[in-house]
Peer 1: 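This is the structure, below, for whatever I ask next.
Letters go in sequence order (proteins before strands), and every chain restarts at 1.
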Amino acid sequence: MSFDFYKRAAIVCRAIPYGKAATYGQIALLCGRPKNARQVGYALNRNRLGDAIPAHRVVNARGILSGAAAFETADMQKILLENEGVKVRFTPDGWQVDLKKDGWHNTMEDALRFLEIFQAQDI
DNA sequence: TGCTTGACCACTC
DNA sequence: CGAGTGGCCAAGC
């Protein structure tokens with residue numbers, strides 16, 4: 001049995017529904033490593049997960065857009081989210097989405113389903 | 001090997 | 001509540 005955090009993270013990120021936002025910690029949890037939130041950010045920053053990753057749907061635990069330089073322009077992430085119908089508002093800390101409304105709310109079944117997929121693919 | 005860094009997070013006053 | 005603090009863990013030098 002092996003464990004490839006990046007492959008797992010790529011699968012989870014691609015599963016974030018259109019029009020929803022997920023948090024770094026949430027992705028780490030679904031990957032089976034609850035404490036690896038920082039690594040999720042690291043992976044996205046270096047584009048380590050491959051192509052076709054909806055990185056704009058990933059925000060921090062408070063719903064703040066990291067706005068990191070992986071996007072071509074500073075407000076690219078905000079624009080992509082708004083195009084999907086997600087409301088983004090300005091706060092002193094930065095652009096923020098309402099996780100209560102537009103957050104990706106997982107069930108325990110979701111988590112278990114991902115773990116099955118990882119086990120089946122030995123990643 | 002050891003030390004620094006980072007698109008993070010939870011807890012405590 | 002808000003700021004401060006400490007924990008976390010892989011990468012890269």
Peer 1: Would you check, one step at a time, whether the test side chain to side chain donor-acceptor pair (under 3.5 Å) holds for Asp93(A) with Thr91(A)?
Peer 2: CA-CA 5 Å; Asp93(A) 291 329; Thr91(A) 75; 4.9 Å; no

Peer 1: Counting only side-chain heavy atoms from C-beta out, which of dC8(C), dA11(C), dC9(B) sits nearest to Lys35(A)?
Peer 2: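 Ranking dC8(C), dA11(C), dC9(B) by closest atom to the Lys35(A) side chain puts dC8(C) first.
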
Peer 1: In whole Å, measure the gap between the C1' atoms of dG6(B) and dG6(C) for me.
Peer 2: 16 Å

Peer 1: Between Asn36(A) and Arg46(A), just flag the one whose closest nucleotide in DNA chain C comes earlier from the 5' side.
Peer 2: Asn36(A)

Peer 1: Tell me: CG of Leu81(A) to C1' of dA7(B), nearest whole Å?
Peer 2: 13 Å

Peer 1: Taking the P atom of each, how far is dA7(B) from dT5(C), in whole Å?
Peer 2: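 Rounded to whole Å, the distance is 22 Å.
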
Peer 1: What do you reckon, is CD of Gln119(A) surrounded by more than 12 foreign heavy atoms closer than 6.0 Å?
Peer 2: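 Not buried by this count: 12 neighbours or fewer within 6.0 Å.
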
Peer 1: Please determine whether any donor N or O and acceptor N or O are separated by less than 3.5 Å between the side chain of Tyr24(A) and the base of dA7(B).
Peer 2: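 Result: at least one qualifying N/O pair found.
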
Peer 1: For Arg38(A) and for Tyr6(A), locate the closest nucleotide of DNA chain C by heavy-atom distance; then report the residue assigned to the nucleotide nearer the 5' terminus.
Peer 2: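 First, find each residue's nearest nucleotide; the 5'-ward one identifies Arg38(A).
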
Peer 1: Listed by chain and number, what are the side chain to side chain donor-acceptor pair (under 3.5 Å) partners of Asp98(A), not counting sequence neighbours?
Peer 2: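 Once residues adjacent in sequence are excluded, Asp98(A) has no partner under the side chain to side chain donor-acceptor pair (under 3.5 Å) criterion.
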
Peer 1: Using a 4.0 Å heavy-atom cut-off across all strands, classify Arg48(A) as base, sugar-phosphate, or nothing.
Peer 2: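 The residue Arg48(A) makes sugar-phosphate contact but no base contact.
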
Peer 1: Heavy-atom count around Lys101(A) NZ within 6.0 Å, excluding the residue itself: above 12?
Peer 2: yes

